[in-house]
Protein chains: 2
Amino acid sequence: MRTVVSSATKEWIIGVDEPFTIIGERINPTGRKILAEEMKNGDFSRVERDALAQVAAGASMLDVNAGIPLADEPAILADSIKRVQALVDVPLAIDSSIVAALEAGLEVYQGRALVNSVTGEEERLEQVLPLIKKYDCAVVAISNDETGISEDPDERFKVAKKIVEHAQDYGIKPHDVVVDPLFMPLGAMASAGTSVMALVRRLRDELHVNTTCGASNCSFGLPNRHALNATFLAMAIANGLTSAIMNPLHDEEIAGIMAANIVMNHDTNCTNWIRKYREPSAEPDQGRRTGRRARR
Amino acid sequence: MRTVVSSATKEWIIGVDEPFTIIGERINPTGRKILAEEMKNGDFSRVERDALAQVAAGASMLDVNAGIPLADEPAILADSIKRVQALVDVPLAIDSSIVAALEAGLEVYQGRALVNSVTGEEERLEQVLPLIKKYDCAVVAISNDETGISEDPDERFKVAKKIVEHAQDYGIKPHDVVVDPLFMPLGAMASAGTSVMALVRRLRDELHVNTTCGASNCSFGLPNRHALNATFLAMAIANGLTSAIMNPLHDEEIAGIMAANIVMNHDTNCTNWIRKYREPSAEPDQGRRTGRRARR
């Protein structure tokens with residue numbers, strides 16, 4: 001149950017025995033007017049800043065989306081990927097609802113990408129799965145189909161199972177399918193939390209796949225969203241969630257995930273936690289720098 | 001699987017279908033020199049302030065401990081309980097390692113208390129369980145015995161099972177035994193998180209008991225303790241933990257627990273969350289108070 005992705009120089013593993021995979025979501029013009037305009041005009045400076053900032057904040061992968069209405073999405077997506085890969089070495093998720101754009105992205109991508117995404121819709125399956133096979137990469141499988149998103153977690157499990165089976169027909173292994181069980185907003189659906197936790201656990205134990213989610217969706221419409229996102233992520237991780245497509249620039253979510261890594265025994269000797277959060281006075285060369293130790 | 005506790009006027013249920021039970025730990029002279037001195041001299045003003053502050057911060061119950069070396073612990077514990085019960089209406093946990101103090105506390109307690117605690121040690125079982133039966137109350141069962149605290153979660157499960165069985169011999173129901181599976185420090189034992197989560201789940205599913213823990217122990221020796229405590233609590237709640245003995249005066253832990261209540265579907269319509277965290281501008285009378293709305 002290891003999904004191996006890579007850039008030209010760096011491998012990353014999504015898996016239950018690995019630190020949680022943070023997929024940075026910022027490179028996406030949806031709802032970002034200025035970014036959309038810039039990308040359309042071939043200005044990738046903001047894309048590059050977003051890439052650097054997210055990696056610095058702890059992103060293990062970056063999602064790249066170029067969905068701009070009335071623009072040449074395949075070309076812009078391919079250009080974005082080239083720019084990002086020239087700058088950072090984390091593996092990328094190639095994100096589009098347009099199959100030609102996914103293919104344009106895969107064509108220029110260096111390494112083993114995660115394609116975002118396929119659904120349980122027959123037409124989409126038949127268009128996307130051959131690409132996954134051809135480029136030997138991994139794919140995000142969203143558990144909805146022609147009938148939409150079911151509120152029943154058993155139905156969403158069935159859709160995920162169908163996608164995994166279709167993928168196998170194309171010679172794609174279950175460990176290369178990363179299922180998004182679809183987190184519903186907690187404020188809109190009282191059982192959203194318990195049902196998705198049970199679903200994530202089932203996907204791990206019965207379907208043996210890795211999982212991902214859009215992490216900020218859960219707190220939609222509620223105050224203090226970052227604290228709620230952080231807690232929900234940790235609780236989903238406790239049930240087996242292995243990655244999230246999220247904004248890594250928020251400290252609360254990052255702290256929650258880093259703490260969850262300790263709890264899951266994926267931060268040996270708490271090294272990453274201590275490096276990030278130790279008190280300045282605990283730094284070994286602090287005394288020398290300030291001269292305090294010498295004066296005593 | 002409902003542990004019913006009460007004060008003279010208020011009932012509280014510890015259970016998997018209930019909001020998480022926060023047991024305030026502050027009324028405890030261990031490591032608090034000034035408080036110990038005051039309690040010994042019959043000054044309960046700090047005890048009273050601690051009681052009010054903890055209830056205001058969200059404590060569902062309060063733990064009361066009067067363990068002061070060379071002092072008359074039974075008398076001080078009884079007095080503390082009377083003072084606290086005169087002031088706040090949450091149920092109490094009567095906390096002592098001295099059986100005579102537990103009995104003195106139970107003698108004056110109004111309502112149905114939680115006794116903290118019994119262990120798997122034969123002598124302790126034979127002293128404490130008859131008290132639980134006599135006063136018809138609930139008890140915290142700590143999963144260690146004569147051999148100490150086992151690092152093996154299966155051994156700790158066995159000790160818990162033994163205590164529950166002994167309690168049944170005395171006519172005490174399993175739902176009146178709240179098991180503390182003993183959280184080890186995450187920094188000292190790499191598998192502490194995963195093993196205690198599995199143990200909490202087993203105690204819920206196989207032994208059908210409620211659970212509690214000393215919440216701050218998990219982050220011992222590590223920086224940014226509150227974030228780690230909050231995350232670990234939420235992850236344990238996701239596995240079935242139903243209460244914690246903890247300091248409710250820290251916002252991060254309270255936010256983590258309140259968010260976990262939403263995820264577990266124990267905060268209907270997110271009412272408590274919204275009441276606590278909504279933006280000031282969303283308060284209905286904000287415009288009137290500041291006069292801003294009138295001026296427009």
Side-chain angles (χ1 to χ4, degrees), chain A residues 183 185-198 200-201 218-219 221-241 251-252 254-271 273-282, chain B residues 183 185-198 200-201 218-219 221-241 251-252 254-271 273-282:
Chain A
F183 285 22
L186 293 161
M189 196 177 154
S191 65
T194 51
S195 74
V196 92
M197 286 194 294
V200 163
R201 189 170 277 265
C218 74
S219 62
L222 292 172
N224 198 7
R225 292 186 66 167
H226 300 307
L228 188 50
N229 292 344
T231 302
F232 190 28
L233 275 169
M235 293 173 82
I237 291 169
N239 280 284
L241 184 74
D251 290 339
E252 276 174 277
I254 293 293
I257 288 169
M258 289 183 69
N261 279 340
I262 293 178
V263 177
M264 300 301 283
N265 195 7
H266 297 155
D267 181 7
T268 308
N269 298 323
C270 309
T271 306
W273 184 265
I274 292 168
R275 189 183 298 136
K276 176 146 184 163
Y277 294 114
R278 68 177 162 202
E279 304 296 322
S281 63
Chain B
F183 286 23
L186 293 160
M189 195 178 154
S191 65
T194 51
S195 75
V196 92
M197 287 194 294
V200 163
R201 189 170 277 265
C218 75
S219 61
L222 292 172
N224 198 8
R225 293 187 65 166
H226 300 306
L228 187 50
N229 292 344
T231 302
F232 190 28
L233 275 170
M235 294 173 82
I237 292 170
N239 280 284
L241 185 73
D251 291 339
E252 275 173 278
I254 293 293
I257 287 169
M258 289 182 70
N261 279 340
I262 293 179
V263 176
M264 299 302 281
N265 194 7
H266 297 155
D267 181 6
T268 309
N269 298 322
C270 309
T271 306
W273 184 264
I274 292 168
R275 188 183 299 136
K276 176 145 185 165
Y277 294 113
R278 67 179 162 200
E279 303 296 322
S281 63

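None of the values given here were measured: they were computed from a predicted structure. In the text below, chain A, chain B and the rest are named by the order of the sequence lines, each starting its count at 1.
Contacts with chain A were tallied for B:N269, B:I262, B:D267; B:I262 has the most, counting heavy-atom pairs under 4.5 Å. Contact tally against chain B (heavy-atom pairs below 4.5 Å) for A:N239, A:I257, A:N224: the top residue is A:N224. Chain B forms more heavy-atom pairs under 4.5 Å with one residue of A:A238, A:A255, A:A188, A:A236 than with any other, namely A:A238.
With a threshold of 4.5 angstrom between heavy atoms, B:R275 does not approach chain A through any atom at all. Proximity to chain B (any heavy atom under 4.5 Å) is shown, for A:A192, by neither the backbone nor the side chain. Both the backbone and the side chain of B:A260 come within contact range of chain A, each with at least one heavy atom under 4.5 Å from a heavy atom of that chain. Looking at B:M197, only its side chain comes within 4.5 Å of chain A, counting heavy atoms on both sides. Using a 4.5 Å cut-off between heavy atoms, A:R225 does not touch chain B at all.
Here the CE-CG distance, from B:M264 to A:L186, works out to 12.0 Å after rounding to the nearest 0.5 Å. Interatomic distance, A:W273 CH2 to B:L222 CG, rounded to the nearest 0.5 Å: 8.5 Å.
Taking all atoms of both residues into account, the shortest heavy-atom contact from A:A234 to B:T231 is CB-CG2, 3.6 Å. Nearest approach of A:Y277 to B:P223, heavy atoms of both residues: O-CB, 3.2 Å. Minimum heavy-atom separation, B:A227 to A:A259: O-CB, 4.4 Å. Closest non-hydrogen pair, B:G187 versus A:C270, comes out as CA-SG, 3.9 Å.
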